[in-house]
Amino acid sequence: MLGAEHAYVMFLHEETHDLLLYSDHSWYRLPMGYSIAGHVAETGLFTNITKASDDRRFNYNLDKKLGIESQELLAVPVSYTTMTPPTTP
């Protein structure tokens with residue numbers, strides 16, 4: 001287990017390519033490429049940051065809106081593809 005105080009899942013809006021986060025009965029929208037999560041979504045690369053405030057991509061505004069203080073961050077892109085099941089001869 002990670003021992004995290006907070007965990008969030010962001011969704012990629014297929015039409016606008018914004019990231020959407022739902023927390024405490026509110027939706028938050030972030031542009032692709034903005035913030036650490038936006039960077040991860042844009043590049044597809046996971047990111048493990050030991051001191052968030054030192055990272056230039058860190059978004060203080062999102063922490064303020066969510067009422068949290070991020071210190072360490074682990075951001076991992078999660079995606080799926082629709083696969084056609086193999087056919088048997």
Interatomic distance, CG@Asn48 vs CG@Leu74, rounded to 0.5 Å, equals 5.0 Å
Only one of Val40, Thr47, Leu73 passes side chain to side chain contact (heavy atoms under 4.5 Å, CB included) with Arg57, and that residue is Thr47
For Met32 versus Gly38, what's the shortest heavy-atom pair and its separation? SD-O, 3.9 Å
Can Phe11 and Val9 be said to form a side chain to side chain contact (heavy atoms under 4.5 Å, CB included), step by step? CA-CA 7 Å; Phe11 303 93; Val9 175; 4.0 Å; yes
Heavy-atom side-chain proximity of Pro77 to Phe46 below 4.5 angstrom: yes
Using side chain to side chain contact (heavy atoms under 4.5 Å, CB included), reason through Leu62 and Leu30 one step at a time and then give a plain yes or no. CA-CA 9 Å; Leu62 186 57; Leu30 294 171; 3.9 Å; yes
same_hphob_cluster(Leu45, Ile36) at 4.5 Å side-chain heavy-atom cutoff: no
If two hydrophobic side chains count as joined below 4.5 Å and joins carry through other members, does Tyr34 share a cluster with Leu12? yes
Drop me the distance from Phe58's CZ to Ser53's OG, to the nearest 0.5 angstrom. 7.0 Å
Asp54 atom CG: more than 12 heavy-atom contacts under 6.0 Å: yes
Output the distance between atom CG (Asn59) and atom NZ (Lys65), rounded to the nearest 0.5 Å. 8.0 Å
Met10 pairs by side chain to side chain contact (heavy atoms under 4.5 Å, CB included) with which of Leu20, Leu19, Asp18? Leu19
Okay, side chain of Asp63, backbone of Ser70: is any donor-acceptor separation there less than 3.5 Å? yes
Going from CD on Gln71 to NZ on Lys51, what distance comes out if it is rounded to the nearest 0.5 angstrom? 9.5 Å
Does any non-hydrogen side-chain atom of Arg29 lie less than 4.5 Å from one of Thr16? yes
If the plane angle is over 60° it's perpendicular, under 30° parallel, otherwise tilted; pick one for Tyr8 and His6. parallel
